[in-house]
Amino acid sequence: MSEPRLGVAIVTMGNRPKDVDALLESVAKQDVPPTRVVIVGNGTELPDFPAYPGEVTTIELDENLGCPGGRNVALRRLREFGDVDVAVELDDDGLLVDPDVFRTLQRLFAEDARLGVVGFRIADEHGETQRRHVPRLRAKDPMRRGLVTSFLGGGHAFSMEMLARTGDWPADFFFTHEETDLAWRALDAGWKILYEPALLLQHPKTSPARHAVYYRMTARNRVWLARRRLPVPLVPLYLAVWTLLTVARTRSLGGLRAWAAGFVEGVRTPAGERRPMRWRTVWLMTRLGRPPVI
C-alpha cells in the first residue's frame, strides 16, 4: 500500500464539546491531512465544529449505541465514501500532541501489507501512562514497541481491508472487551497488531470503574468473549482465571455483586456467533507474551 488515505472517526455523547474542538484542532495540525473526518453523536445532537478548517461529516443518532456501536456507524460512513484506506479512531477527550502522527501511520501501513491494527500510547498531561494502557503483561516500560495481541480503544488505526475481512466492532458488547474481541479476530485471520509508543494520544487519567455499568458489563462481555472466540477446552480455564483475579482485585462488595450478576447474564444470554480461534492463533499469542487465558 503506497501512502494510504486516512479517515478519522470520533464518537461523542455531546458532553465534551470543548474537548472535541481541541481534538479537531490537533487533527488540523497534522502534517498529513486526513481525507475524511466523521463525528458521530451517540444519542445526541451535534454542534458546529469551527476548530477544524476542513469538511466534517456529522451523524446524529437517536439513541446511544455504546462505544462499539457508535464506532461502527462511523466506519460504515467512511466505507461508503470509498476513499479511505486506514481508519483512525480517537477518543473524544483525547489530543494528538505531535504533528507527525498521521504521517507515521501512513508509513507503517505502507511498509507492511499484513499490518491490521496500530495502537497508540495513551498518556496523561504529565506524560504518565497507566499500567492498564500498556497492551502486554510486562507493562513497566510503556515505550517498548512491538507486536502485541490487543490494542487500546482510545487511540488506534485500522486497515479498512482488514475490517472488510474480519468484520467491525461487536456492537452488542456496548462497553468493555470490544477491543479484545476484534483483536482476536484480527490475529486469527493472520493480521498483525503493532503497539507504537511513538504515536501519542494525550488523555486524562481515568478509571473504567467510573461508569455505573462497568462491573456488570465487564463480567457479561468476558463470558461472551470466551463463548464466542476460545476453543472449548480454554473456556472454563479463561473464566476461572478471571474470576479469581476479579475477586482478588475488587474491593467493593457492591462491585462484586454486580460482577456476579453480569457473569450469570453472560452465561444465560445469547453470546452471538461462535467462531473460535484456531490453535495456531493460541500458539502465536503465547509466543507474543500473552496467551488468551490471561
Side-chain angles (χ1 to χ4, degrees), residues 5-81 84 86-105 118-127 129-130 133 151-158 168-169 171 174-176 178-179 199-208 210-212:
R5 300 162 295 179
L6 307 181
V8 174
I10 301 168
V11 177
T12 182
M13 295 198 309
N15 56 343
R16 297 167 176 161
K18 292 183 179 179
D19 290 332
V20 175
D21 274 337
L23 174 58
L24 287 173
E25 189 174 351
S26 72
V27 169
K29 291 179 179 178
Q30 292 297 303
D31 53 16
V32 171
T35 303
R36 302 284 180 179
V37 175
V38 172
I39 301 180
V40 173
N42 220 356
T44 185
E45 296 182 353
L46 293 172
D48 294 327
F49 296 103
Y52 189 73
E55 180 181 356
V56 176
T57 300
T58 58
I59 304 172
E60 297 176 349
L61 303 178
D62 293 333
E63 62 176 313
N64 183 353
L65 301 182
C67 192
R71 284 175 172 165
N72 281 348
V73 172
L75 289 172
R76 187 159 53 245
R77 189 70 188 93
L78 289 175
R79 194 174 287 119
E80 289 170 354
F81 281 123
V84 172
V86 172
V88 184
E89 296 190 318
L90 304 169
D91 267 6
D92 64 346
D93 55 347
L95 195 68
L96 298 174
V97 178
D98 302 316
D100 62 347
V101 172
F102 290 176
R103 176 158 48 87
T104 301
L105 283 173
V118 176
F120 294 12
R121 176 168 60 96
I122 306 292
D124 62 21
E125 62 274 18
H126 305 295
T129 297
Q130 294 178 261
H133 284 156
F151 61 94
L152 305 175
H156 55 267
F158 290 145
D168 293 342
W169 294 96
F174 195 84
F175 170 69
T176 78
E178 65 268 16
E179 298 96 340
L199 302 176
L200 172 62
L201 183 78
Q202 184 175 296
H203 188 281
K205 194 172 185 177
T206 58
S207 167
R210 70 191 186 278
H211 299 287

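For the single chain, residues carry numbers from 1 onward in sequence order.
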Show the nearest heavy-atom pair for residues [X] and [Y], with the distance to one decimal.
{"X": "Ala123", "Y": "Leu200", "value": "CB-CD1, 3.7 Å"}
{"X": "Leu105", "Y": "Leu199", "value": "CD2-CD1, 3.6 Å"}
{"X": "Val27", "Y": "Leu90", "value": "CG2-CD1, 4.2 Å"}
{"X": "Ala157", "Y": "Val86", "value": "CB-CG1, 3.8 Å"}
{"X": "Pro17", "Y": "Asn15", "value": "CD-C, 3.4 Å"}
{"X": "Asn72", "Y": "Ala171", "value": "ND2-CB, 3.9 Å"}

- Query: Among Ile59, Val11, Leu24, which one satisfies side chain to side chain contact (heavy atoms under 4.5 Å, CB included) with Ile39?
  - Reply: Leu24

- Message: Using side chain to side chain contact (heavy atoms under 4.5 Å, CB included), reason through Ile10 and Val40 one step at a time and then give a plain yes or no.
- Response: CA-CA 6 Å; Ile10 301 168; Val40 173; over 6 Å; no

So how far is it from [X] [atom1] to [Y] [atom2], rounded to the nearest 0.5 Å?
{"X": "Asp21", "Y": "Asp48", "atom1": "CG", "atom2": "CG", "value": "10.0 Å"}
{"X": "Leu78", "Y": "Arg71", "atom1": "CG", "atom2": "CZ", "value": "13.0 Å"}
{"X": "Thr104", "Y": "Phe120", "atom1": "OG1", "atom2": "CZ", "value": "9.5 Å"}
{"X": "Phe174", "Y": "Leu65", "atom1": "CZ", "atom2": "CG", "value": "7.5 Å"}
{"X": "Thr57", "Y": "Phe81", "atom1": "OG1", "atom2": "CZ", "value": "3.5 Å"}
{"X": "Glu60", "Y": "Thr44", "atom1": "CD", "atom2": "OG1", "value": "7.5 Å"}

For the backbone of [Y] and the side chain of [X], can you confirm whether one donor and one acceptor N or O come within less than 3.5 Å of each other?
{"X": "Glu178", "Y": "Thr176", "value": "yes"}
{"X": "Asp98", "Y": "Asp100", "value": "no"}
{"X": "Glu89", "Y": "Gly153", "value": "no"}
{"X": "Asn42", "Y": "Gly66", "value": "yes"}
{"X": "Gln30", "Y": "Arg103", "value": "no"}
{"X": "Thr129", "Y": "Ile122", "value": "yes"}

Could I get the full list of salt bridge (Lys or Arg N to Asp or Glu O under 4.0 Å) partners for [X], not counting sequence neighbours?
{"X": "Asp168", "result": "Arg79"}
{"X": "Asp62", "result": "none"}
{"X": "Asp92", "result": "Arg16"}

- Item | Ion pair check, Lys205 and Asp93, cut-off under 4.0 Å | no

- Query: Would you call Glu80-Arg76 a salt bridge at under 4.0 Å N-O?
  - Reply: no

- Task: Show your reasoning for whether side chain to side chain contact (heavy atoms under 4.5 Å, CB included) applies to Phe102 and Asp31.
- Result: CA-CA 7 Å; Phe102 290 176; Asp31 53 16; 5.6 Å; no

- Query: Going through the checks in order, is the side chain to side chain contact (heavy atoms under 4.5 Å, CB included) test met by Leu46 and Thr12?
  - Reply: CA-CA 9 Å; Leu46 293 172; Thr12 182; 3.6 Å; yes

- Which is it for Val37 and Phe49 under the side chain to side chain contact (heavy atoms under 4.5 Å, CB included) test, yes or no, and what are the steps along the way? CA-CA 11 Å; Val37 175; Phe49 296 103; over 6 Å; no

